[in-house]
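None of these values were measured; they are calculated from a predicted model. Indexing begins at 1, ligand by ligand and atom by atom, following the structure's order.
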Amino acid sequence: MRMSQVVAPTLREDPKEAEVVSHKLMLRGGYIRKLAAGVYTFLPLGFRVLSKVANIIREEMNRAGAQEVLMPTLLPAELWRETGRWDIYGKELFRIKDRHDREFCLGPTHEEVITDLARTAIRSYKQLPVNLYQIQTKFRDEIRPRFGLMRGREFMMKDAYSFHTSEESLDKEYKNMYETYCRIFDRLGLKYRVVEADSGLIGGGYSQEFMVLAETGEEEIFHCGSCAYSASRESAGVGEYKLQTSNLKLQNLEEVKTPNMRTVEEVSVFLKIKPSQMIKTLIYETESGAVAALVRGDHAINEAKLKKMLGVEDLRLADAAVIKKVTGAPVGFAGPVGLKGVKIVADNAVELIESGASGANKEDHHIINIAYGRDYKADLSGDIRFAAHEDKCPRCEHGKFEVSRGIEVGHIFKLGTKYSSKMNCVYLDEGNQEKTMIMGCYGIGVGRTAAAAIEQNHDKDGIVWPLPLAPFQLAIVPANISEKEQAEAAEKIYSDCKTAGLDVLLDDREDRLGVKLKDIDLIGIPYKLIIGKALKEGKVELKNRKDGQMELIELDKVSEKLRTLSLWERGAGSAPAGEGGGKPQ
Ligand code: ATP
Ligand code: MG
């Protein structure tokens, strides 16, 4: 393509609305344009990158034996009601009505649709296992759409769903997808880590996330310093606490007036105790009644863990009216002592507080000297909080966590029968008996992967694309296009490169060389072929964007050189030699 024709309005300055590097550089490089919050147009350069990511994913999914389909975006509410997710999904689901007042949503994920397809299209065990995938636009009304393509409200996802007759068959396909994802992210030239994850709104059993490592990542990754345990912040477990024997003499319970003090900080300062002595008591509502959840004052409750422990799907912080009904007090004065009529769930660390303080279930009052066992008991206890940096690994029980940051680009799940049992998705087994299908599902954010690649690969001048993602692999830049010799040489190489199937850009603009090079560096083209003064000696300059290395090559050796760089005869989507490392980091 000729640069003079490419619609890539580059910007000199960083756009104000962009906080992270990938967003800034995609806007500055003329890759994307914002239409509304979390909604973007892909310009030609942006669409090329998106297509490259999608094509690598497609090639590897096909190689892994999955079959591509395309499901609708407009999804009828009835299907979502069958699984109960119409009510549970909440505000993230874009809901609409048609002219006949029938309810629909814009698909944020497609478990219901694919399960409906499987129950009507698959009858016999002979047709299983099967893995169906699509690369399609998803809609999620995110609370905070931000960081450009990282968290959009309309975004492209590859989602795959597999169906099985046994757990072993699911395990095998899950492993196949794990390996396929490793191949995909290796081919994209990204550094990543696979972590144990929470299953979120998609649910089911075991799941793992693929995190591209970047300091700007939204996610915290907890990995053990001495074993292989690695998990997202949502799912990182906490090693068991050992009760330390102490000589503390227990005092009697005492009620203290704490006027208008509701937060752990206010109360602990006032009572002159450590926040770790406070028993934070949170009242939740669930589909099976209200619950009081207890965590230490310096810990944060993890609702995903709480949900799992309670075995509920719907968990919401109670409003003031419910809190008043349950505790008899306004918000901010709840505590476990004397609390009746609700299930009490305590985090492991709470039971070890020797002399605790909490709300007194009475306005403007707290209680001190609380001892577990003597003054209250939990109905359930376990790990219901976020791991803290100083916690111990739950697997080896002695290693300390190291924390790094990453961007979740992929997520693989063992769903089990979560959807198939609710939707009666059955097949006939060898004995002609109806059996429920067992499922897995596997997602990759296509746009987010492109953005993550920029977070990992950029410098002060702009993007430094890994070769397989670059919109163009090579830019031919004549220093002065109005010099006949240079223009002719540039055209000749350009035409040869195109014939060889290279994604090549000819910078035919009449601007100064410096201006052109700045733009080409900003948009991140991996190689530049500069045709300037050296042409008089029959030579051109080849410059590598990544390390800045420059090489003078003879005109008639250009094709040979490009071949050794794996550019020539290996068009878009070929595996780069030696990038990515072949293994999750
Ligand atoms: P997150 O925790 O970041 O909200 P998620 O867990 O909701 O993501 P999944 O349901 O697992 O995401 O979706 C599969 C993949 O789709 C994610 O791994 C991510 O790469 C991508 N993705 C999810 N939400 C968005 C979004 N709002 N914008 C862009 N990509 C997204
Ligand atoms: Mg996820």
Go through ligand 1 atom by atom and flag the ones less than 4.0 Å from a non-hydrogen atom of [X].
X: Gly410; result: 18 (O)
X: Met150; result: 26 (C), 28 (N), 29 (C), 30 (N)
X: Glu142; result: 24 (N), 26 (C), 27 (N)
X: Val409; result: 18 (O), 20 (O)

Can a side-chain donor-acceptor contact be found between Glu60 and Thr180 if the only test is distance below 3.5 angstrom? no
Under 3.5 Å, N or O to N or O, is [X] touching ligand 1 that way?
X: Arg140; result: yes
X: Gly443; result: no
X: Gly152; result: yes

Indicate, with yes or no, if the rings of Tyr178 and Phe210 have centres closer together than 6.0 Å. yes
Do Leu190 and Thr449 make a side-chain contact, defined as non-hydrogen atoms from C-beta onward lying under 4.5 Å apart? yes
Over 60° means perpendicular and under 30° means parallel, so classify the ring planes of [Y] and [X], tilted if in between.
X: Tyr442; Y: Tyr174; answer: tilted
X: Tyr181; Y: Phe185; answer: perpendicular
X: His23; Y: Tyr40; answer: perpendicular

With heavy atoms only and a cut-off of under 4.0 Å, state how [X] meets ligand 1: side chain, backbone, both or neither.
X: Glu218; result: neither
X: Leu149; result: backbone
X: Arg448; result: side chain
X: Arg151; result: both

Below 4.0 angstrom, N of the basic side chain to O of the carboxylate: do Arg95 and Glu103 qualify? no
N-O pairing of Arg296 and Asp347 below 4.0 Å: no
